[in-house]
Amino acid sequence: MLERPCIQSRGFKNVESHGKVIGFQVNIRSLYYRGLWLSQLRPATVTVDGETFSGDQITWTINDVTYTQAEMAELGDVHWGLLEPATLTVAKEGGLESGSHEIEVNYTYSCSYFPPVVDTILGGTHKRTLILV
Amino acid sequence: MLERPCIQSRGFKNVESHGKVIGFQVNIRSLYYRGLWLSQLRPATVTVDGETFSGDQITWTINDVTYTQAEMAELGDVHWGLLEPATLTVAKEGGLESGSHEIEVNYTYSCSYFPPVVDTILGGTHKRTLILV
Amino acid sequence: MTNQVGKTKPKRGVSLYSYAGEYGVTMSLEDMFAEMHDMGARGLEILANSHIEGYPNPSEEWLENWDRLIKKYDIVPVEYGHWVDSRLYQGRHLTPEESYEMLVRDFKLANRLGFTVLRTKLGVIDDELTPVENWREFIKLALPMAEKYNVRMCPEIHAPTLLKSKMVDDYVQLIEETGTKHFGLNIDFGVFTTKTIPASEWGPNEFIMPESDHSPVEDIIPLLPYVYCCHAKFVKMSDDFEEMTIPYETIINTLIEHNWDGYMVSEYEGPKKDVPGYAVEQVRKHHVMMKRILGE
Amino acid sequence: MTNQVGKTKPKRGVSLYSYAGEYGVTMSLEDMFAEMHDMGARGLEILANSHIEGYPNPSEEWLENWDRLIKKYDIVPVEYGHWVDSRLYQGRHLTPEESYEMLVRDFKLANRLGFTVLRTKLGVIDDELTPVENWREFIKLALPMAEKYNVRMCPEIHAPTLLKSKMVDDYVQLIEETGTKHFGLNIDFGVFTTKTIPASEWGPNEFIMPESDHSPVEDIIPLLPYVYCCHAKFVKMSDDFEEMTIPYETIINTLIEHNWDGYMVSEYEGPKKDVPGYAVEQVRKHHVMMKRILGE
Ligand SMILES: [Mn+2]
Ligand SMILES: [Mn+2]
């Protein structure tokens, strides 16, 4: 099952490419009561131990397909379901050290049946301390 | 998933036979960390709103097979797994009324790697208020 | 009032929205169906975007499991919640053609899953929740396909909207003008709210519906021919099985008197949805109440 | 001490017992495997009676899913916990033949699932945890089948038992007398406990292990040839990744010095197992510590 918070502890790890650690990954689940089309999402930022990442430093992997945040804005027919955690991959050379890390994830999304003003309000900042082994 | 308490709310209902309500059912899960052979179990009692049922007034249904409590004492090769709630069917003519009910379930079980004295101690009484629709 | 045996009556169901705080964390789709079965609440509302894994393209495996669960728990698929997400792309609204495509995609899926009523949520353009300007255009465009796939599009009439309002008049006008049986209304009983619970009962992160004017229950009567499903919205059940904010006895008796026999699907929108088991118990209490008023 | 690169070292794993408070409620088998994968903790201990659905006769479907998960999460099946439930029937002990049958049933299943070490829990007859009188008889009876199914039966040496004790001597004697490679020991690091956490940290319904004598770490050295797996028991990890009750640095360095390269499977036995996420975080901290001491 998913963990209750937005930020999941399962899936938190460094990622390697060609034998080099190129970043880290953290999984999130949507706390909204319905799934979202990718184009409804506004770009996320991820802050780890005070350092903030944004834009093309972050990709989203949903159902085994990876998207840049720029691509997502155009994808009105790909859906992020409630049972599918999204993997945020954050480009950070060398990754994170083994130990405790303060993670913050921020994003908002549009909701057409609410007044237009909510599109930059729904969602928000989620925080959790995670342990990287 | 299972609910955390021993006494589950899902599955609480009256049971009919040939158009007559002949009793009620309540599901329990084992809170012990390992599953149990049916012969390890000591007969359960169920108390509902102060009225206690025991012995052959109660059957256990595990994995779609129903056992009397007398039969269970001899079944050393049938296993009650942790992911399988047991359905206790309690014979009570007319069943229970729609509304709120205080349920207590009591049973113990043997545990061979602990001193023999624990066989009447492990387990015990579980209580929960359930709503019958 | 004693309800006569044999008379046409509203039926009981559940919107799975009620269990939103547990879904995926402590309850699966099957767990929610099992709850309904225990309560004799046969009528199901799902939210397409929430409860269909792989939406909008569920796998064959998921569909087979759906069929199995519907049968196992004796569920009647009633209402399929979906959205025309008009602000799908930042900076513009969907065109009528895009909205049409979005609707038809859901007609097909709803039909495959056995639903005949759609809770069709339209995008809005202002704080008064006025629907997008081109709604008539794409709804009319979609009517033939709604007929083909045997579904009724029903905007939800939800507080703060009143039953006597321009919005409802506009929807009724479209129905009468076209004579369609494939566009109607979902009435959310929240429009009849006469009381609120103390703000202190809500948690710090919970959304509290602002107080607003309410409609008298009798205002539903002229609309009933167009009402294909109701949201039996509720906020708090007392320990003696009374709902604390909405005049349920009057509502249900009005529906009975006027021979309305659709489904009332429980929609829990009170506090503590995130507390495991809390919403589940609230829905059970809600059905004890409805069963008593219905004389079941 | 700096651990030399390339030297034979103990390996890290997890006993799923650690997640007992979450299993079936907030975690599935797959969730537990995913946790292990995140931690690079490849060695798996299951408890047969807990983690095999349909035990002792899992379905083909379950077995196929097992194989898929083992592969997907790069898991090494290490230790299979099982029991000879000597008081299976009220009023009598199992006969040697019945115990033998119970063992062999598990040999076959363990072998099918890929395990080579068994944590074989024997029934006891008194408060000192003396094993049943006929244990030698059925263990010897089972040795040929253990060889056939490539498994090692290992009673767990667990506090309050000491490493220098008649019980351990008896087990070692059987090994030396028979020369078998299919009977050995599992050492639970709880035997090295030097401190306890305050009783106030435990909840009202939690079992607190009574204090008892402990073994010095070096007492494990002569036993190492017979130790096929260790329970890396722990009770509390501090926020700076120290275990509060057991001298881990000494234990792991002793194992390294003596070239013991089996699996240490984390076994969390501290407070708050029922608090979602708590044990999960404790196990992660435990692996941060083990990784550091191992110099990984
Ligand atoms: Mn509603
Ligand atoms: Mn142990």
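Just the heavy atoms: all of them, side chains too, but no hydrogens, waters or symmetry mates, feed the values below.
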**OP:** Report the residues that fulfil side chain to side chain donor-acceptor pair (under 3.5 Å) with Tyr80(D), sequence neighbours left out, ordered by chain and then residue number.
**Re:** Asp106(D)

Subject >> Leu132(A) versus chain D, the contacting section by heavy-atom distance below 4.5 Å >> reply: backbone

Tabulate, with distances rounded to 0.1 Å, every donor-acceptor pair spanning chain A and chain D at under 3.5 Å.
{"from": "Asp31(D)", "atom 1": "OD1", "to": "Met1(A)", "atom 2": "N", "distance (Å)": "3.4"}
{"from": "Asp31(D)", "atom 1": "OD2", "to": "Met1(A)", "atom 2": "N", "distance (Å)": "2.3"}
{"from": "Asp38(D)", "atom 1": "OD1", "to": "Lys13(A)", "atom 2": "NZ", "distance (Å)": "3.3"}
{"from": "Asp38(D)", "atom 1": "OD2", "to": "Gly11(A)", "atom 2": "N", "distance (Å)": "2.4"}
{"from": "Arg284(D)", "atom 1": "NH1", "to": "Ile131(A)", "atom 2": "O", "distance (Å)": "3.0"}
{"from": "Arg284(D)", "atom 1": "NH2", "to": "Ser9(A)", "atom 2": "O", "distance (Å)": "3.1"}
{"from": "Lys291(D)", "atom 1": "NZ", "to": "Val133(A)", "atom 2": "O", "distance (Å)": "2.9"}
{"from": "Arg292(D)", "atom 1": "NH2", "to": "Ser98(A)", "atom 2": "O", "distance (Å)": "3.2"}

